[in-house]
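Below is one structure, written out as structure tokens; the observations come after it.
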Amino acid sequence: STSLPRHQHRLLAGSRNPRRPAPMAAAASTATLSGCARAPPSTLISSPSSTRLAPFASRSRPRRLRAAAAAATLREVCSGRVPDHVLQRAEDVGYISPTEVQEQSLPVLLSGQDCILHAQTGSGKTLAYLLAVFSAIDVGRSSVQALVIVPTRELGIQVTKVARLLAAKTCNVMALLDGGMLTRQKSWLKAEPPAIIVATVASLCQMVEKRAFSLGSIKILVIDEVDFIFGSSKQVNSLRKILNSYTAASSRQTIFASASIPQHNRFVHDCVQHKWTKSDVVHVHVNPVQPMPSHLHHTYVICSKKERLHVLLSLLERDAPKSVIIFVAQQSEKSKRAGNPPSSTLVVEFLRAEYKGTLEVLVLEEDMNFNARATSFTEVKGKGFLLVSTDIASRGFDLPQTSHIYNFDLPKTATDYLHRAGRTGREPFSKSECSVTTLITEEEHFVLQRFQNELKFHSQQLPLESMFTFNL
Ligand SMILES: Nc1ncnc2c1ncn2[C@@H]1O[C@H](COP(=O)(O)OP(=O)(O)OP(=O)(O)O)[C@@H](O)[C@H]1O
């Protein structure tokens, strides 16, 4: 059982959430609102509670907060509020010290407060919110108590894996994902409701609408990659139902997570206004002035569209990467109608014919059927790969061995660049440099410069001539 030891229940008596005392979070909020000085420059913790009725433009700016005690272990940061066996599992897999976002957010998350978790790619947000999930649920109860919403099937598989690893069979974790076996899962849901569900929006709503289960007993709701789901015309309406109709903010803890929350002050405001969260939601923003992880090395090559495949091959030979993701654009409807092959097909066919290295060439894109997607996703785990993918792999994919990213097609937005780049450099305590290389035409150069200004990173040009080992 993961229920807390008896002496800890006594400790919790009288707190708003009887399972979780809030000493550190209370301190955090107080410090925020009273403007505690000596804050780490990399972290901003803000709460709209004191300003929610003020006009938008005149709201006071969030203040900085003092860091939690330096060099505390993950166990110390979670002490008494996460079941011991979960912490033991975390330690067994190597999570000993908290990452910066974990150190800053766990006091808030474990107090039961609503939270917007806003930190760089690869910073460890998943473990932070899963520890909050394990602190909130009671494994003795047979009901669905925690819901983690993700934008893609692949991210869902990954989060489910980490949740199961931490649960160590003390509770059921079910994945309700697009392309899953929903009929079979419907019977399982009725027979033995899992404590934790990891779901994509569409599959979850389908189950709720079929009355396979109700969300009435949800204690904690996590929306991962929240900006992506809100920005997706296919997902946003269902997300709103989950936030406001199927469950109510007043009866659950709500956590939103992402490395990118455009117009984040506006988003915090909307959370309160639309009752997606309670009014005392806390915005934990790590590295607010530097959204891009600092140990990524960015380069670009200017070449014509005709030269791109050969430049890519040349880069692969020159860099000798451990594992690679090559991002391509999703094919437009217009291009499909014109009968053109998608970028992914062009790149995969070219590499299968010309690439002489040892990495296996794989492909992942939205238009593949779920079985083919599952095969690619399984095959990238554990060995060297050269994955050609659309932006489907840019959100949340955690393949720590990825040493190089190549943007074969320029991403559409700075946010897309950030998430693509963030698929490398995913070992929180490693300083080894990872690289991101973008292939652009002369006309696209200004777009890349705009991304650099927006995301505050520098990209170095690689002269085209310096890398050619072939005849154009
Ligand atoms: N405390 C820790 N100690 C060591 N490794 C950790 C720790 N926390 C997380 N990690 C590892 O860091 C990597 C990145 O974590 P995670 O996937 O949670 O990042 P993220 O912040 O969700 O990134 P993204 O925004 O790209 O989804 C994972 O491989 C995870 O296992």
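Numbering of residues begins at 1 and proceeds along the displayed sequence. Everything numeric in this text was worked out from a predicted model, so none of it was measured. Read the numbers this way: they start at 1 and go in the same order the structure lists the ligands and their atoms. As a basis for the values below, the full set of heavy atoms in this structure was taken, side chains included, without hydrogen atoms, waters or symmetry mates.
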- Message: Using the rule given for salt bridge (Lys or Arg N to Asp or Glu O under 4.0 Å), can you reason through Arg75 versus Asp84, listing the C-alpha separation, both sets of side-chain angles and the distance that settles it, and then say yes or no?
- Response: CA-CA 9 Å; Arg75 182 175 283 275; Asp84 197 61; 2.6 Å; yes
- Criterion salt bridge (Lys or Arg N to Asp or Glu O under 4.0 Å) on Asp178 and Arg153, from CA distance to verdict: CA-CA 6 Å; Asp178 299 344; Arg153 174 186 169 79; over 6 Å; no
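For ligand 1, the polar-atom distance check against Gln158 finds no nitrogen or oxygen pair separated by under 3.5 Å. Close N/O approach between Leu74 and ligand 1 is not found [any backbone or side-chain N/O within under 3.5 Å].
The distance between the ring centers of Phe230 and Trp276 falls below 6.0 angstrom. Taking the centre of each ring, His298 and His458 stay at or above the 6.0 Å mark. If you look at Phe256 and Phe267, their ring centroids are closer than 6.0 Å.
Annotation for ligand 1: atoms under 4.0 Å from non-hydrogen atoms of Pro428 are 5 (N), 6 (C), 10 (N), 11 (C), 12 (O). Residue Thr126 approaches ligand 1 through these ligand atoms, each under 4.0 Å from one of its heavy atoms: 16 (P), 17 (O), 18 (O), 22 (O). Near Arg423, meaning under 4.0 Å from any of its heavy atoms, are these atoms of ligand 1: 26 (O). Using a 4.0 Å cut-off to heavy atoms of Tyr95, the atoms of ligand 1 that qualify are 2 (C), 3 (N), 4 (C), 5 (N), 6 (C), 7 (C), 10 (N), 30 (C), 31 (O). For ligand 1, the atoms lying closer than 4.0 Å to a non-hydrogen atom of Glu225 are 27 (O).
Atom 21 (O) of ligand 1 has as its closest protein heavy atom Lys125 NZ, 2.8 Å. Looking at atom 8 (N) of ligand 1, its nearest protein heavy atom turns out to be Gln102 NE2, 2.9 Å. Atom 13 (C) of ligand 1 has as its closest protein heavy atom Arg426 O, 3.3 Å. Considering only non-hydrogen protein atoms, atom 29 (O) of ligand 1 sits nearest to Asp398 OD2, 2.6 Å. What sits closest to atom 23 (O) of ligand 1 on the protein, heavy atoms only, is Gly122 N, 2.8 Å. The protein atom (non-hydrogen) at minimum distance from atom 3 (N) of ligand 1 is Phe429 CE1, 3.4 Å.
With distances taken over non-hydrogen atoms, the option nearest atom 1 (N) of ligand 1 out of Pro98, Gly124, Ser258, Ser97 is Ser97.
Thr170 and His85 are linked by a side-chain donor-acceptor pair at a separation below 3.5 angstrom, with hydrogens and angles left out of the test. Using a 3.5 Å distance cut-off with no hydrogens or angles, the side chains of Asp319 and Tyr406 do pair a donor with an acceptor. Side-chain contact check for Thr437 and His404: no donor-acceptor pair (N or O, by modelled atom type) lies under 3.5 Å. Side-chain contact of Asn407 with Thr438: a donor-acceptor pair under 3.5 Å is present, judged by distance alone.
A salt bridge does not link Asp224 with Arg395: every distance from a Lys NZ or Arg NE/NH1/NH2 to an Asp or Glu carboxylate oxygen is 4.0 Å or more. Taking a cutoff of 4.0 Å between a charged side-chain nitrogen and a carboxylate oxygen, Asp416 and Arg420 do not qualify as a salt bridge.
By the 4.0 Å heavy-atom criterion, Phe397 is excluded from the residues contacting ligand 1. Under a 4.0 angstrom heavy-atom cut-off, Ser123 registers as being in contact with ligand 1.
For Glu427, no heavy-atom contact with ligand 1 is shorter than 4.0 Å. Only backbone heavy atoms of Gln120 (N, CA, C or O) come within less than 4.0 Å of ligand 1; its side chain stays farther off.
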